[in-house]
Chemist: 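Take this structure, written in structure tokens, and hold onto it; I'll ask about it next.
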Amino acid sequence: MKKIIAIIGILTFCVSARAQETLVTNDTRAITTGTAFLLVAGDARAAGMGDQGVATAPDAFSQQWNVSKYAFGESEQGISLTYTPYLRELVNDIFLGGVNYYNKLDDRSAVSASFRYFSLGEIQFTDNLGNDTGIDKPNELMVDVAYSLKLSEKFAMGVGLRYIRSDLKLQGGDLAGATDAGPASSFAVDIGGYYESEEKAYESFNGKWRGGFAIQNIGPKIKYEEDGNESFLPTTLRLGGGFDFILDEANKIGVTLEAAKLLVPTPPIYGRVDTDNDGDFDDEDTVILEGQDPDVNFFSGMFQSFGDAPGGFSEEINEFTYSVGAEYSYQDSFAFRAGYFNEHETKGARKFFALGAGFKYNVVNIDISYLLSASKVPSPLENTLRFSLSFNIGGKGTN
């Protein structure tokens with residue numbers, strides 16, 4: 001029973017519940033999308049700094065955050081593996097895993113690819129007599145490729161193409177045949193830019209500035225049911241900046257700030273108005289009282305998302321999430337990380353502190369992170385260790 005409850009919760013989280021079928025009358029208007037697993041930090045380095053990566057120093061995990069960073073990668077090639085347990089306090093077979101690869105073509109350009117898989121484990125169904133009626137393994141996955149290019153010695157841009165597949169249909173048990181839902185798929189594009197200054201000498205230390213932006217998961221809506229509503233992909237705008245305090249040859253501290261916003265329409269406030277004056281209220285009498293119609297295509301929805309909140313500008317600001325992270329590294333062989341992530345109470349209420357560490361031996365990097373929730377809303381990643389493993393192949397410079 002605990003497993004079924006967990007699965008139902010995840011399905012509710014991952015499948016967009018569109019507001020056309022409910023009346024939204026309070027101030028809580030969290031934006032929901034399909035394939036929400038794309039928003040979960042897959043690597044332990046980013047997780048250890050408060051789920052940020054658009055403007056942090058380049059690494060093998062940059063594919064999820066900002067593909068343009070690979071153009072500044074120091075190694076000729078890199079490959080990484082990630083593993084994130086999910087809802088560990090309830091079940092032990094739900095996880096997010098992935099693999100990333102990049103290859104520097106020369107000093108100015110790189111190609112990269114990644115694969116991410118979200119498994120909701122096995123669900124064993126039985127009938128009223130306890131007889132087995134089947135096992136389901138709902139899952140979601142994505143695969144993408146990207147190209148990044150330095151437009152100058154300090155700035156690079158990158159573009160990525162992504163295929164997304166979501167299979168959340170439960171085929172067994174009493175739920176079988178309840179809907180005509182099946183696997184859903186879509187394509188999406190990422191666009192990113194990354195700036196890294198030259199090292200500059202200050203009074204008592206050297207320093208380097210970093211900055212980045214990314215617009216991710218730009219693509220058509222995803223449909224889970226043939227005659228059902230379509231769900232927006234989690235199209236996201238990320239902006240960030242940071243500074244590296246280079247204290248000496250061995251010690252460095254990097255500090256980064258990041259903000260992100262879903263470029264998805266805000267659910268409006270619905271109400272019932274007796275439009276035909278017949279004294280009865282039916283579906284046709286449900287109208288938008290405040291806000292804009294969210295039933296638009298993905299491209300229009302991106303622009304609409306900047307000004308459609310029923311609460312006006314103040315609510316639009318509340319739709320931004322913020323994170324601050326810091327990383328101390330010693331001789332590029334050990335790193336300690338900390339971060340904080342904040343989301344407004346009316347938009348999801350995710351608030352947490354994060355701790356992390358990294359260890360490097362020859363070409364191998366091992367990263368771990370741990371999340372400490374600071375919100376009244378439980379986090380599915382609370383009290384969970386996340387692990388990442390990466391390999392730097394080849395020396396610095398060109399191939």
Side-chain angles (χ1 to χ4, degrees), residues 7 10-21 30-42 54 62-67 82 84 86 96-100 112-120 136-147 158-171 179-192 214-238 260-267 293-306 308 319 348:
I7 294 298
I10 292 176
L11 294 180
T12 303
F13 173 72
C14 293
V15 182
S16 175
R18 296 304 300 274
Q20 287 91 332
E21 300 181 2
I31 299 174
T32 56
T33 70
T35 61
F37 79 103
L38 295 173
L39 298 175
V40 179
V54 74
S62 298
Q63 190 86 349
Q64 180 178 0
W65 306 102
N66 186 349
V67 296
T82 64
T84 300
Y86 214 76
L96 175 67
V99 57
N100 301 267
S112 55
S114 72
F115 171 78
R116 210 176 316 161
Y117 181 79
F118 182 40
S119 171
L120 279 74
D136 274 352
K137 299 179 180 180
N139 62 83
E140 296 183 298
L141 61 85
M142 70 104 235
V143 59
D144 58 8
V145 295
Y147 175 77
V159 60
L161 177 63
R162 174 171 298 122
Y163 169 74
I164 306 164
R165 185 178 187 274
S166 178
D167 186 3
L168 301 178
K169 168 69 174 178
L170 298 178
Q171 303 287 345
T179 70
D180 59 354
S185 62
S186 185
F187 290 90
V189 173
D190 283 6
I191 301 173
I215 305 177
Q216 302 175 300
N217 303 312
I218 306 169
K221 298 179 184 179
I222 197 166
K223 181 184 291 188
Y224 292 91
E225 301 179 37
E226 183 175 350
D227 298 323
N229 291 323
E230 296 176 312
S231 299
F232 285 95
L233 295 179
T235 306
T236 305
L237 169 67
R238 298 185 184 277
K261 184 186 188 302
L262 282 171
L263 302 186
V264 176
T266 304
D293 187 356
D295 189 17
V296 296
N297 62 51
F298 77 94
F299 191 73
S300 297
M302 290 173 57
F303 292 96
Q304 179 176 310
S305 67
F306 288 102
D308 63 350
E319 291 180 353

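Bear in mind that the values here come from a model prediction, so they are computed numbers and not experimental data.
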Chemist: Looking at P234 and T35, what are the two nearest heavy atoms and their distance?
Modeler: CD-OG1, 3.3 Å
Chemist: How many angstroms lie between atom CZ of F118 and atom CE of M142, to the nearest 0.5 angstrom?
Modeler: 14.0 Å
Chemist: Are the side chain of N100 and the backbone of F115 linked by a donor-acceptor contact shorter than 3.5 Å?
Modeler: no
Chemist: Within this structure, what is the CG-CD1 distance for the pair N66 and I191, rounded to the nearest 0.5 Å?
Modeler: 11.5 Å
Chemist: Just how far is it from atom CG of D295 to atom CD of E230, taken to the nearest 0.5 Å?
Modeler: 8.0 Å
Chemist: Going by the side chain to side chain contact (heavy atoms under 4.5 Å, CB included) test, name the single residue among T33, L38, V189, I218 that passes it with T235.
Modeler: I218
Chemist: Are F37 and Y86 an aromatic pair by the rule of ring centers under 6.0 Å?
Modeler: no
Chemist: At what distance, to the nearest 0.5 angstrom, does OH of Y117 lie from CD of E140?
Modeler: 10.0 Å
Chemist: Sub-3.5 Å donor-acceptor pair from the side chain of Q304 to the main-chain atoms of D293, do we have one?
Modeler: yes
Chemist: Out of curiosity, T32 OG1 to F232 CZ, how far, rounded to the nearest 0.5 Å?
Modeler: 10.5 Å
Chemist: So, for A260 and T236, which heavy atoms are closest and what is the spacing to 0.1 Å?
Modeler: CB-CG2, 4.2 Å
Chemist: Counting distance only, does the side-chain N/O of T82 pair as donor-acceptor with the main-chain N or O of G98 below 3.5 Å?
Modeler: yes
Chemist: Measure the shortest side-chain to side-chain distance between R162 and D190 over non-hydrogen atoms and say whether it is less than 4.5 angstrom.
Modeler: yes
Chemist: Is it true that the side chains of D144 and S114 contain a donor and an acceptor less than 3.5 Å apart?
Modeler: yes
Chemist: Check whether Q64 reaches the backbone of V40 with its side chain - one donor and one acceptor, N or O, closer than 3.5 Å.
Modeler: yes
Chemist: Kindly give the heavy-atom pair with the smallest separation between F298 and P220, and that separation in Å.
Modeler: CD2-CA, 3.6 Å
Chemist: I'd like to know if the side chain of K221 and the backbone of G34 have a donor-acceptor N/O pair within less than 3.5 Å.
Modeler: no
Chemist: Please check this pair: side chain of K261 against backbone of S305, looking for a donor-acceptor N/O pair closer than 3.5 Å.
Modeler: yes
Chemist: Which heavy atom of A184 sits nearest to which heavy atom of I222, and what is that distance?
Modeler: CB-CG1, 3.4 Å
Chemist: Any idea which heavy atoms bring A30 and P267 closest together, and the distance?
Modeler: O-CG, 3.8 Å
Chemist: Around atom CZ of F299, are there more than 12 heavy atoms from other residues, nucleotides or ligands closer than 6.0 Å?
Modeler: no
Chemist: Could you check whether any side-chain N or O of E319 sits under 3.5 Å from a backbone N or O of L262, counting only pairs where one atom can act as donor and the other as acceptor?
Modeler: no
Chemist: Does N217 reach the main-chain N or O of L233 with its side chain, forming a donor-acceptor pair under 3.5 Å?
Modeler: no
Chemist: Would a distance-only check, ignoring hydrogens and angles, find a side-chain to backbone donor-acceptor pair under 3.5 Å from T266 to D308?
Modeler: no
Chemist: Which heavy atom of K137 sits nearest a heavy atom of N139, and at what distance?
Modeler: O-ND2, 3.0 Å
